[in-house]
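Mind looking over this structure? Questions follow.
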Amino acid sequence: MNKMTIGGVFSETFAFLKANWVQMLMWVGGALILVGLLGYLVLGSTFSAMAMAPNDPSVAIGAFGRIGLFALIAAVIFYAVSMLIWRGGMHPGEAPNFGWAVQAGPALAFGMIVIMIAAYIAIFIVMLILMLIFGTALGGMGAFSPAALESGGAGAIGGGAIFVMVLVYIAIIVFMLWLQGRFMVAGPVMADRLTRNPVTGLGESWRLTGASQWVIVGFYLIFTIGVLAYAIVAGMIFGGILGAVAGGSAAGAVLTMIVMAALVYLPVIMLSFSMPVGVYRAIAPRASGDIFA
């Protein structure tokens, strides 16, 4: 277990991206096409039926069931693709193991869902305790809602209570970033060891990130801000140019969506796939396969 630096993890992240961008394009592009086709087949005329019968509860229930099924299928596909990308990048030349990926990806997703549910329960308990302790000063649980920051609510609650509320929300954001950082390399661990057991990946991620947990939080924050800034700026630039060229036609709108996906969102997705491996290699380089090639 090594203590990482932000510069080192950026270097590893872009090294993985540089070495595996063609593979990522193939897997992610194939997954997007497959999910699109499945969406058409599974959802079909679901939204049209909802529009035609907005007050029919049976139509709404059926639609939500189909949407949930499609979301589950899409999640399985994308988590499996992420495992294939990580495994292929860390062990180049190895044949893709589809059976393992289809099992390991959803297993990791389920493990993370359990952790997130536990985290939200813990946050709710803390908020409840704060309500009981500071209920009088904060004016009840409603003081912790975003609406309380509005001018009218702020005057009613008081400056001290607002300060406590802001601290609570900042603490929640930091806690969630920290939690994401501690389990960030669970997927690469599972891919590196070719295991289907999410407990192995999550437990090893917790151990490996211990020495660099706050550095990882800082890196994750910088990475997230950078990605959001790129997506917003690039979206405005390309969207404006394509919108002016297309002139509002239906064909132009479709072309704009395709180009935006290729030039804005696809690079973000590929970089997001590279980041966990970059962190993994920065803190456990000897455990993560050979040098990217």
Side-chain angles (χ1 to χ4, degrees), residues 1-4 6 8-10 12-13 15-17 20 24 27-28 31 72 74-91 94 96-123 174-224 227 269-289 292:
M1 178 172 59
N2 297 327
K3 190 168 184 178
M4 76 173 220
I6 291 180
V9 73
F10 269 112
E12 294 287 359
T13 297
F16 184 84
L17 178 61
N20 298 280
M24 288 189 198
W27 287 121
V28 174
L72 179 61
V76 170
I77 292 172
F78 280 109
Y79 271 98
V81 164
S82 69
M83 286 294 177
L84 289 170
I85 290 173
W86 292 332
R87 180 69 185 180
M90 289 188 287
H91 297 271
E94 183 178 280
N97 191 330
F98 296 102
W100 161 79
V102 171
Q103 297 175 64
L108 174 62
F110 177 76
M112 288 303 302
I113 289 173
V114 171
I115 289 173
M116 289 297 107
I117 290 175
Y120 282 118
I121 291 174
I123 290 172
V174 172
F175 170 71
M176 296 305 294
L177 288 173
W178 173 80
L179 195 66
Q180 290 282 351
R182 294 307 303 269
F183 295 111
M184 183 179 293
V185 301
V189 167
M190 293 177 65
D192 191 24
R193 301 187 180 185
L194 205 65
T195 178
R196 298 170 176 83
N197 187 355
V199 176
T200 299
L202 295 169
E204 188 66 7
S205 178
W206 184 271
R207 185 186 71 83
L208 289 173
T209 57
S212 306
Q213 52 189 297
W214 294 113
V215 180
I216 294 174
V217 170
F219 164 75
Y220 190 51
L221 183 60
I222 294 172
F223 178 86
T224 303
V227 166
I269 293 173
M270 292 169 61
L271 193 57
S272 299
F273 277 131
S274 303
M275 181 184 65
V277 180
V279 175
Y280 182 43
R281 285 193 57 85
I283 59 180
R286 295 180 182 177
S288 56
F292 305 133

Value rounded to 0.5 Å, distance of CG in N197 from CG in L202: 9.0 Å
Rounded to the nearest 0.5 Å, what separation is found between the CZ atom of R87 and the CG atom of N97? 8.0 Å
Would a distance-only check, ignoring hydrogens and angles, find a side-chain to backbone donor-acceptor pair under 3.5 Å from W178 to W214? no
Step by step, would you call I123 with M176 a side chain to side chain contact (heavy atoms under 4.5 Å, CB included)? CA-CA 10 Å; I123 290 172; M176 296 305 294; 3.8 Å; yes
What one should report as the nearest heavy-atom pair of T195 and A104 is O-CB, 3.8 Å
Beyond-backbone contact of H91 with L194, side-chain heavy atoms, under 4.5 angstrom: no
Show your working on side chain to side chain contact (heavy atoms under 4.5 Å, CB included) between F10 and I222 and close with a plain yes or no. CA-CA 10 Å; F10 269 112; I222 294 172; 4.0 Å; yes
Option from F219, Y280, F16 for which side-chain contact (heavy atoms from CB on, under 4.5 Å) with M275 holds: F219
Do V217 and Y220 have side chains that get closer than 4.5 Å, going by heavy atoms? no
More than 12 foreign heavy atoms under 6.0 Å from CZ of F98: is that the case here? yes
Could you tell me the separation between the CG atom of L179 and the CD atom of Q213, rounded to the nearest 0.5 Å? 11.0 Å
Apply side chain to side chain contact (heavy atoms under 4.5 Å, CB included) to V277 and E12, showing your working. CA-CA 8 Å; V277 180; E12 294 287 359; over 6 Å; no
Heavy-atom donor-acceptor pair, S205 side chain to R182 backbone, under 3.5 Å: yes
Answer yes or no: is there a side-chain heavy-atom contact under 4.5 Å between M24 and L17? yes
d(I216 CD1, I283 CD1) to nearest 0.5 Å is 5.0 Å
From CG (L84) to OH (Y79), nearest 0.5 Å: 15.0 Å
Got N20 and I85 here, is their nearest side-chain heavy-atom distance under 4.5 Å? no
When rounded to the nearest 0.5 angstrom, what distance separates CD1 in I269 from CG in L271? 11.0 Å
Side chain to side chain contact (heavy atoms under 4.5 Å, CB included) between Q180 and M116: does it pass, once the steps are laid out? CA-CA 9 Å; Q180 290 282 351; M116 289 297 107; 4.0 Å; yes
Might you point out which heavy atoms bring V81 and A31 nearest each other, and give the distance in Å? CG2-CB, 3.7 Å
Taken in chain and number order and not counting sequence neighbours, the residues that satisfy side-chain contact (heavy atoms from CB on, under 4.5 Å) with P276 are W86, M184, P188
Is there a side-chain contact between V28 and F273, using heavy atoms and a 4.5 Å cut-off? yes
